[in-house]
Amino acid sequence: MSLLLSSEGKKKSNSVAPMEQEKALSSVSDVGAWAMNVISSVGLIMANKQLMSPSGYSFGFATSLTGFHFAVTALVGLISNATGFSTSKHVPLWELLWFSVVANMSITGMNFSLMLNSVGFYQISKLSMIPVVCVLEWLLHSKQYSKEVKSAVVVVVLGVGVCTVTDVNINAKGFICACVAVLSTSVQQIAIGSLQKKYSVNSFELLSKTAPMQAISLLLLGPFVDYCLNGHSITKYSFSSGAILFILLSCTLAVFCNVSQYLCIGRFSAVSFQVLGHMKTVAVLTLGWLLFDSELTLKNILGMMMAVIGMVVYSWAVEVGKVKSKLANAKLSLTEEEIRLLKEGVENTPVKDVEIGAVKT
């Protein structure tokens with residue numbers, strides 16, 4: 001009996017070790033995905049600020065620039081597939097088409113919302129994506145959120161709102177564009193995770209399939225959208241060597257930003273991506289103060305501190321939810337090891353024959 005228990009204990013310890021190693025590697029991958037997204041996103045914003053600002057290269061063609069981003073991303077995907085670095089799994093064309101339409105609506109809607117609304121209302125519309133994503137995931141996937149998660153989301157939204165929202169002016173056209181932008185962006189981010197799970201494709205495979213469609217459509221429509229936004233044609237822009245260098249830098253950072261966005265949403269959720277993504281807002285405000293002499297008031301600092309506290313609480317609440325879910329599943333179901341041990345115990349236990357009073361072995 002003691003030998004049996006010792007052997008079972010060895011088997012259990014041997015099985016636990018690989019599980020712990022796998023969990024540790026998964027945690028490292030999670031941190032790496034978030035770090036890549038934050039660093040590439042903040043770097044992209046800084047590069048675009050230098051490229052688009054009047055004090056920089058005055059390249060005011062945001063939609064066309066996004067088309068360049070997806071064109072380079074599509075090229076990287078094609079090279080990766082051709083060299084065998086990644087594989088190409090089947091995803092129905094109609095799924096890719098509707099996803100590309102929604103993604104382009106998100107980009108165009110955001111640009112028009114920024115043009116037609118005040119900066120304050122634009123920031124409020126971006127903050128509203130978190131509750132909108134929560135509602136959509138509840139409607140589409142019946143996902144429930146704990147009180148701790150809801151409280152943390154409120155703290156993050158209020159914190160970012162305090163440090164970013166200034167003047168708030170609303171008009172009908174701007175409000176419609178903001179609604180379209182928020183809904184399309186929320187649907188797109190939920191769809192990224194859903195398509196990855198539905199067709200068993202990883203983040204890079206999905207991105208390499210959607211990027212060509214987005215690149216073609218944005219490169220065709222981008223110049224017209226940009227002309228409506230700023231009244232200038234990209235064909236009349238004077239491309240200097242410095243501007244070309246920053247466009248290439250922007251495209252390179254955009255590849256890492258796009259890959260990490262798909263990777264993060266695939267590993268976590270659209271809500272987690274939105275909440276922890278506001279860390280980028282805090283980083284951008286801080287770097288703007290350090291690099292571009294942007295004003296950083298006490299209100300900004302208090303708002304950033306509040307947002308960071310909310311993000312920490314959100315991360316804690318998500319982990320608590322995972323632990324509770326595991327405990328609930330453990331109570332409802334036995335593991336394969338436990339079932340096997342129970343079966344062995346039943347088979348090895350002697351059973352009395354009631355009729356003859358003997359013991360059957």
Side-chain angles (χ1 to χ4, degrees), residues 36-80 100 103-117 119 122-123 126 164 177 181 185 207-208 210-262 277 280-281 283-295:
M36 183 195 296
N37 184 257
V38 171
I39 293 171
S40 60
S41 297
V42 173
L44 180 62
I45 292 171
M46 295 294 108
N48 287 349
K49 187 169 184 178
Q50 178 64 23
L51 180 63
M52 295 182 174
S53 66
S55 59
Y57 295 99
S58 301
F59 186 82
F61 309 99
T63 311
S64 299
L65 181 62
T66 307
F68 297 157
H69 291 169
F70 280 105
V72 175
T73 304
L75 180 62
V76 171
L78 289 173
I79 295 173
S80 178
S100 299
N104 289 346
M105 286 176 62
S106 166
I107 296 166
T108 307
M110 280 295 180
N111 288 339
F112 272 104
S113 176
L114 182 59
M115 180 188 73
L116 297 172
N117 295 310
V119 176
Y122 174 75
Q123 289 293 342
K126 288 182 68 177
T164 59
C177 288
T185 303
L207 179 61
S208 63
T210 57
M213 294 185 182
Q214 288 187 254
I216 293 171
S217 55
L218 287 173
L219 289 175
L220 291 175
L221 298 176
F224 299 100
V225 175
D226 290 330
Y227 185 79
C228 294
L229 291 171
N230 57 29
H232 299 286
S233 174
I234 192 172
T235 56
K236 295 181 180 179
Y237 179 78
S238 178
F239 287 89
S240 63
S241 58
I244 293 172
L245 178 64
F246 268 90
I247 289 173
L248 292 174
L249 175 62
S250 179
C251 290
T252 303
L253 291 170
V255 173
F256 289 99
C257 185
N258 288 331
V259 172
S260 61
Q261 177 187 358
Y262 279 55
K280 292 177 282 188
T281 303
V284 167
L285 289 173
T286 305
L287 287 175
W289 172 64
L290 292 172
L291 301 177
F292 297 101
D293 296 325
S294 298
E295 185 181 3

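Values below: every heavy atom of this structure, side chains too, minus hydrogens, waters and symmetry copies. All residue numbers in this chain count up from 1 along the given sequence. Keep in mind that this is a model prediction, so the values were computed, not measured.
T252 pairs by the side-chain hydrogen bond (donor to acceptor under 3.5 Å, both in side chains) definition with nothing, not counting sequence neighbours. Evaluation of the side-chain hydrogen bond (donor to acceptor under 3.5 Å, both in side chains) rule for S233 yields T235 as partners, not counting sequence neighbours. Take I244 and apply the side chain to side chain contact (heavy atoms under 4.5 Å, CB included) test, not counting sequence neighbours, and it matches F239, L248. Judged as a ring-ring contact (aromatic ring centres under 6.0 Å, His included), and not counting sequence neighbours, the contacts of F246 are Y57. The side chain to side chain contact (heavy atoms under 4.5 Å, CB included) search around S80 returns F85, S86, F204, not counting sequence neighbours.
Smallest separation of non-hydrogen atoms from A181 and G109: CB-C, 3.5 Å. Nearest approach of S58 to Y237, heavy atoms of both residues: O-CE1, 3.6 Å. Looking at every heavy atom in both residues, L51 comes nearest to A243 through CD1-O, 3.8 Å.
Considering CG of L245 and CD of Q50, their distance stands at 10.5 Å, rounded to 0.5 Å. In this structure, Y227 OH and K236 NZ are separated by 7.5 Å, a value rounded to the nearest 0.5 Å. Note that the CG atom of L249 and the CG atom of L253 stand 4.5 Å from one another [nearest 0.5 Å].
Put simply, the side chain of L221 does not reach to within 4.5 Å of the side chain of T63, judged on heavy atoms. Between M52 and F61 there is no side-chain heavy-atom pair separated by less than 4.5 Å.
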Sequence neighbours left out, cut at 3.5 Å: what donor-acceptor pairs do the side chains of residues 64-71 make with other protein atoms?
residue : atom : partner : partner atom : Å
S64     : OG   : D226    : OD2          : 2.7
T66     : OG1  : A62     : O            : 2.9
H69     : NE2  : S250    : OG           : 2.7

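Between the side chain of S41 and the backbone N or O of N37, at least one donor-acceptor pair lies under 3.5 Å. Looking at S260, its side chain does come within 3.5 Å of a backbone N or O of C257 through a donor-acceptor pair.
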